[in-house]
Protein chains: 2
Amino acid sequence: MELRHLRYFVAVAEELNVRQAATRLHLSQPPLSRQIHDLEEEVGTKLFVRSQSGMRLTEAGRTFLKEARSILAQSQRAVQLAQAASRGGSRPPRYRLRGGRF
Amino acid sequence: MELRHLRYFVAVAEELNVRQAATRLHLSQPPLSRQIHDLEEEVGTKLFVRSQSGMRLTEAGRTFLKEARSILAQSQRAVQLAQAASRGGSRPPRYRLRGGRF
DNA sequence: AAATCTTACGGGTGACGTAACGATC
DNA sequence: GATCGTTACGTCACCCGTAAGATTT
């Protein structure tokens, strides 16, 4: 499982329509459909109920959606925090160092 | 950025030695070294200080390590929760439905 | 037939392994 | 020279796009 699977999954879960999700991801339907299928295999359960006029989330899908969003958000945060750490020197900013010259 | 990068990064951060990390990941050194480099590019900062006798984490690296571990743990949890949701029917277990026949 | 998701099939990017290199002790 | 990490280069997997299929309204 890779973050790509989570990004794709969230898009489909939000659109409830593979074609629209694919468009939003600048992707074509078949690869997206495939990746969702692969994800379901790896997770070990169906995340969607396929039906005409789109897809519906299963209970497992709803649970997984919350987690996936959280993971993606944390991934972005991880990058930002690392950048901040590299710039700010370190640790949550303290407004002035005791005895600091500036 | 993909989970692969985080898995690789955590391994190197724990071993502080690319060769050992590569062995642990059943991988050879060069691709691992490359992926770490790619990750640093994507994050936008050096995560390690290269030196003889291994590598040392930068401040950004230490920050990123915490996040990476958390993300990987949450990924595993996401799968487990989805599986549980699919088995358990749904939702945090309620011991009996009010008025339910069972 | 129009819309949906899926399966089939080829092509290209990129992750990997082997080999060669550079640097430090 | 032994042991690090890195660069170079060829191979193979796999992700993607196009085309064709199955199903439902």
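Here is how names work: the chains are called A, B, and so on, in the same order as the sequence lines, proteins then strands, and each is numbered from 1.
- OP1 or OP2 of dC15(D) has at least one side-chain nitrogen or oxygen of R4(A) nearer than 4.0 Å.
- Atom-to-atom, CG of L32(B) to P of dT6(D) comes out at 9 Å; the value is rounded to the nearest Å.
- Using modelled atom types, no side-chain atom of E59(A) and backbone atom of S86(B) make a donor-acceptor pair closer than 3.5 Å.
- Here R50(A) pairs with E40(A) under the side chain to side chain donor-acceptor pair (under 3.5 Å) rule; sequence neighbours left out.
- Judged as a side chain to side chain donor-acceptor pair (under 3.5 Å), and not counting sequence neighbours, the contacts of Q35(A) are R4(A), H5(A).
- Using a 4.0 Å cut-off on heavy atoms, the residues of residues 5-18 of chain A that approach DNA chain C are N17(A), V18(A), listed by number.
- Spacing between atom CG of D38(A) and atom P of dT6(C) amounts to 11 Å, rounded to whole angstrom units.
- Taking atom CG of L25(A) as the reference point, atom C1' of dG17(D) lies 15 Å away to the nearest angstrom.
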Pairs of donor and acceptor atoms involving the side chains of residues 75-85 of chain B, under 3.5 Å and at least two apart or interchain, shall be tabulated with distances.
| unit_1 | atom_1 | unit_2 | atom_2 | d |
| --- | --- | --- | --- | --- |
| S75(B) | OG | I71(B) | O | 2.8 |
| Q83(B) | NE2 | V43(A) | O | 2.8 |

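- Ranking dG5(D), dC16(D), dT6(C) by closeness to the M55(B) side chain, first place goes to dG5(D).
- When each of dG17(C), dC4(D), dC16(D) is scored by its nearest atom to the side-chain atoms of L27(A), the top-ranked nucleotide is dC16(D).
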One pair to check against side-chain contact (heavy atoms from CB on, under 4.5 Å): E42(B) and D38(B). What are the steps and the verdict? CA-CA 6 Å; E42(B) 189 153 358; D38(B) 292 351; over 6 Å; no

Run the side-chain donor-acceptor check on residues 12-22 of chain B: report pairs under 3.5 Å with partners two or more places apart or on a different chain.
| unit_1 | atom_1 | unit_2 | atom_2 | d |
| --- | --- | --- | --- | --- |
| E14(B) | OE1 | R24(B) | NH1 | 3.2 |
| E14(B) | OE1 | R24(B) | NH2 | 2.6 |
| E14(B) | OE2 | R69(B) | NE | 3.4 |
| E14(B) | OE2 | R69(B) | NH2 | 3.1 |
| E15(B) | OE2 | R24(B) | NH1 | 3.0 |
| N17(B) | OD1 | R19(B) | N | 2.9 |
| N17(B) | OD1 | Q20(B) | N | 2.9 |

Under 3.5 Å, which protein N or O atoms sit close to an N or O of nucleotides 19-25 of chain C? Give each pair with its distance.
| unit_1 | atom_1 | unit_2 | atom_2 | d |
| --- | --- | --- | --- | --- |
| dC25(C) | OP1 | Q52(B) | NE2 | 2.2 |

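- Counting to the nearest Å, the C1' atom of dT7(D) and the CZ atom of R34(B) are 9 Å from each other.
- The distance from atom CD of E2(B) to atom P of dA15(C) is 9 Å, rounded to the nearest whole Å.
- The shortest side-chain heavy-atom distance between L39(B) and F64(B) falls under the 4.5 Å cut-off.
- The interatomic distance linking Q35(A) (CD) with dC15(D) (P) rounds to 5 Å, in whole Å.
- Rounded to whole Å, the distance from CD1 on I36(A) to P on dC15(D) is 13 Å.
- Between R50(B) and dG5(D) there is no side-chain N or O to OP1 or OP2 distance below 4.0 Å.
- If you measure from atom NE2 of H37(B) to atom P of dT7(D), you get 6 Å, rounded to the nearest angstrom.
- L47(B) is listed as a side-chain neighbour of F9(B), based on a closest heavy-atom distance under 4.5 Å.
- Under 4.0 angstrom from either OP1 or OP2 of dC16(D) there lies no side-chain N or O belonging to Q29(A).
- The closest side-chain heavy-atom distance from F48(B) to T58(B) is not below 4.5 Å.
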